[in-house]
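Step one of this worksheet: look at the structure below.
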Amino acid sequence: MKIALYPGTFDPITNGHIDIIQRASELFDKIIVTVAVNPSKNPLFTAEERIELIRESLSQPKFEVSSFDGLVVDYAKKTDSIAIIRGLRAISDFEYEFQMALMNHKLAEDITTVFLMPNEKYTYLNSSIIRNLAQFHADVSDFVPPCVVDALKKKFPL
Ligand code: ADP
């Protein structure tokens, strides 16, 4: 059983994340999508809300959703994951992701970081753009699952 961990903030989950999760599911037997609980980031959605939105957006037994705090590699070991999945959209992602991957490799040599590219239509998409658009009541239904559209409307009522 090959398990991969997909860690992120997911504030909120977007179609770009879902594209990466689907690609990863073709390579691994089980994907654990895990929400980083990092209070210093001051997220729009609580960890519980983010988990619930991810659960509603994914409907296969292959996916598990959880949260973690602390080091990603420690959580990867705890869950018997052999890989950490990260999405690469553009060169701008590369430097940070490269640094993280090298450090994680140093901390845990037997865990491999796997970078996946989304469909090009998602390369410009990130959660912070979605939060900004939603704040001004723009239509984000092309970019996020329906449950996220509803959750954003509740956060930013007209
Ligand atoms: P983080 O705060 O750790 O970057 P995110 O939830 O923003 O958390 O992203 C988690 C992972 O998903 C990161 O590897 C990020 O590069 C990737 N990602 C985010 N948005 C997209 C997208 N539109 N297409 C592909 N990968 C993405």
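Order of appearance sets the numbers: ligands from 1, and atoms from 1 within every ligand. This structure is a prediction, so every number in the text was calculated from the model and none was measured.
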- Message: To check your reading of the model: name the closest protein heavy atom to atom 21 (C) of ligand 1, its residue, and the distance in Å.
- Response: Arg89 CD, 3.6 Å

- Message: Tell me the protein heavy atom at minimum distance from atom 9 (O) of ligand 1, and give that distance in Å.
- Response: His17 NE2, 3.5 Å

- With a 4.0 Å cut-off on heavy atoms, does Tyr6 reach ligand 1? yes

- Within less than 4.0 angstrom of ligand 1, does Ile20 place any heavy atom? yes

- Heavy atom of the protein closest to atom 16 (O) of ligand 1 (residue, atom name, distance): Gly87 O, 2.7 Å

- Under 3.5 Å between some N or O of ligand 1 and some N or O of Thr14? no

- Query: What do you reckon, does Met117 put a non-hydrogen atom under 4.0 Å from ligand 1?
  - Reply: no

- Message: Please list the nearest protein heavy atom to atom 1 (P) of ligand 1 with its residue and the distance rounded to 0.1 Å.
- Response: Thr9 OG1, 3.6 Å

- Message: Nearest 0.5 Å, please: how far is CG in Leu133 from CZ in Phe156?
- Response: 10.5 Å

- Message: Within ligand 1, which atoms have a heavy atom of Pro118 less than 4.0 Å away?
- Response: 24 (N), 25 (C)

- Task: Return the option from Phe94, Phe115, Phe10, Tyr96 holding the heavy atom at the smallest distance from atom 6 (O) of ligand 1.
- Result: Phe10

- Message: Using a 3.5 Å cut-off on N or O atoms only, is Arg86 in polar contact with ligand 1?
- Response: yes

- NZ/NE/NH1/NH2 to OD/OE distance under 4.0 Å, Glu49 and Lys155: yes

- Looking only at N/O atoms, are Asn126 and ligand 1 under 3.5 Å apart anywhere? no

- Message: Any heavy atom of Ala36 closer to ligand 1 than 4.0 angstrom?
- Response: no

- Task: List every atom of ligand 1 that sits less than 4.0 Å from any heavy atom of Pro7, numbering the atoms from 1 in the order shown and giving each element.
- Result: 10 (C)

- Item | Candidate pair Ile130 and Asp11, rule side-chain contact (heavy atoms from CB on, under 4.5 Å), full reasoning | CA-CA 9 Å; Ile130 294 300; Asp11 187 34; over 6 Å; no

- Note on the structure: Check: of Thr123, Leu125, Ile18, min heavy-atom distance to atom 23 (N) of ligand 1 comes from Leu125

- Message: One thing to verify: whether Arg23 and Asp19 come together as a salt bridge, which I'm taking to mean a side-chain N less than 4.0 angstrom from a carboxylate O.
- Response: yes

- Message: With respect to Asp11, determine whether any N or O atom, backbone or side chain, lies less than 3.5 Å from an N or O atom of ligand 1.
- Response: no

- Message: Once rounded to the nearest 0.5 Å, what's the spacing between atom OH of Tyr6 and atom CD1 of Ile54?
- Response: 9.0 Å

- Correct closest heavy-atom pair for Ile20 and Leu116 would be CD1-O, 3.4 Å

- Between CZ on residue Arg86 and CE on residue Met100, distance to nearest 0.5 Å: 5.0 Å

- Task: Identify the two heavy atoms, one from Lys2 and one from Asp29, that lie closest to each other, and give their separation to 0.1 Å.
- Result: N-OD2, 2.5 Å

- Task: Indicate yes or no: at least one non-hydrogen side-chain atom of Ser66 is less than 4.5 angstrom from one of Ile32.
- Result: yes

- Item | Numbering as shown, the atoms of ligand 1 that approach Gly8 to under 4.0 Å (heavy-atom distance) | 3 (O), 6 (O), 8 (O), 10 (C)

- Task: Find the distance between CD1 (Ile31) and CD1 (Ile3) and round it off to the nearest 0.5 Å.
- Result: 9.5 Å

- Message: With heavy-atom distances below 4.0 Å as the criterion, list the atoms of ligand 1 near Glu97.
- Response: 13 (C), 14 (O), 16 (O)

- Of the non-hydrogen atoms in Glu56 and Cys147, which two are nearest, and what is the gap between them? OE1-CB, 3.2 Å

